[in-house]
Structures are given as structure tokens and as C-alpha cells.
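Single-structure report; data block below.
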Amino acid sequence: MSILPEETELNGKWRWANGKMVSDDVSQRIQQLIKNRLELVTTSKDGWTKLYKDPLDGRLWELSYPHGEMHGGGPPRLRVVAADEIADSIDIGPSV
């Protein structure tokens, strides 16, 4: 599974199917990327945001759940962030 150089944000969605809420293809792709491609750098103090690094191009990716009004924060969002954009709640340390 690859990430194209021009991709900078992946926004998952949920949809109804057969009477239940299911993840769309983007949400499933995000899960595959964090499982098989990206390397976990750190997790926020509250545990809701994680920072990953792409070992192939060095880009930093922030995994978050921006829909706080939804169960579990809603579907995932994975977006490229610069080191100076990272929230104060995430300590990226010297490894980035």
C-alpha cells in the first residue's frame, strides 16, 4: 500500500450498510497504512492523536478523530503535518 507524493490528507467516512455503520474505503486504507506502512513516532497525552512517519519519504502524518460529537471521535483523518504544526500535547522528541 503506497501513499502518493501529492497526497496530504485522507479523510475517512462512515456509511450505513445493512442496518449498521461501516467504514468507507478511505477509513480502511488509513488503517492499513498505519498497520503496514507508517511508523508510530508518538501518541498525544490523551491518546486520541498519534504521530506517524513515512519511512520512504520522511513525511510526518497525524492520525486524529476530528468528529468529537460522534462515538469514538468518528472516522479517522490522516494528514501531513510539519514539525512546527504539531499540537503541544504531542511531544515529538529528538527522533523526528
Tell me, please, which residues at least two apart from [X] pass salt bridge (Lys or Arg N to Asp or Glu O under 4.0 Å).
X   : answer
D24 : none
R15 : none
D57 : R59
E7  : R29

- If you look at every heavy atom in P55 and E39, which pair is closest and at what distance?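 Heavy atoms only, the tightest pair is CB-OE2, 3.5 Å.
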
- Message: Looking at every heavy atom in both G12 and I30, which two are closest together, and how far apart are they?
- Response: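 For G12 versus I30, the nearest heavy atoms are N-CD1, 4.0 Å.
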
- Task: Applying side chain to side chain donor-acceptor pair (under 3.5 Å), name anything that partners E9, two or more places apart in sequence or on another chain.
- Result: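 Per chain and number, E9 pairs via side chain to side chain donor-acceptor pair (under 3.5 Å) with N11.
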
- Item | Contacts of S23 that satisfy side-chain contact (heavy atoms from CB on, under 4.5 Å) - sequence neighbours left out |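 For S23, the residues satisfying side-chain contact (heavy atoms from CB on, under 4.5 Å) (neighbours in sequence not counted) are W14, S27, Q28.
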
Would you compute the distance between atom [atom1] of [X] and atom [atom2] of [Y] and round it to the nearest 0.5 angstrom?
X   : Y   : atom1 : atom2 : value
L60 : D54 : CG    : CG    : 9.5 Å
Q31 : L63 : CD    : CG    : 7.0 Å
T43 : W48 : OG1   : CH2   : 12.5 Å
K50 : T42 : NZ    : OG1   : 10.5 Å
I34 : W61 : CD1   : CH2   : 12.5 Å
L38 : I3  : CG    : CD1   : 4.5 Å

- Same cluster for L40 and L10 if Ile/Leu/Val/Met/Phe/Trp/Tyr side chains link at under 4.5 Å?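 In one cluster: yes.
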
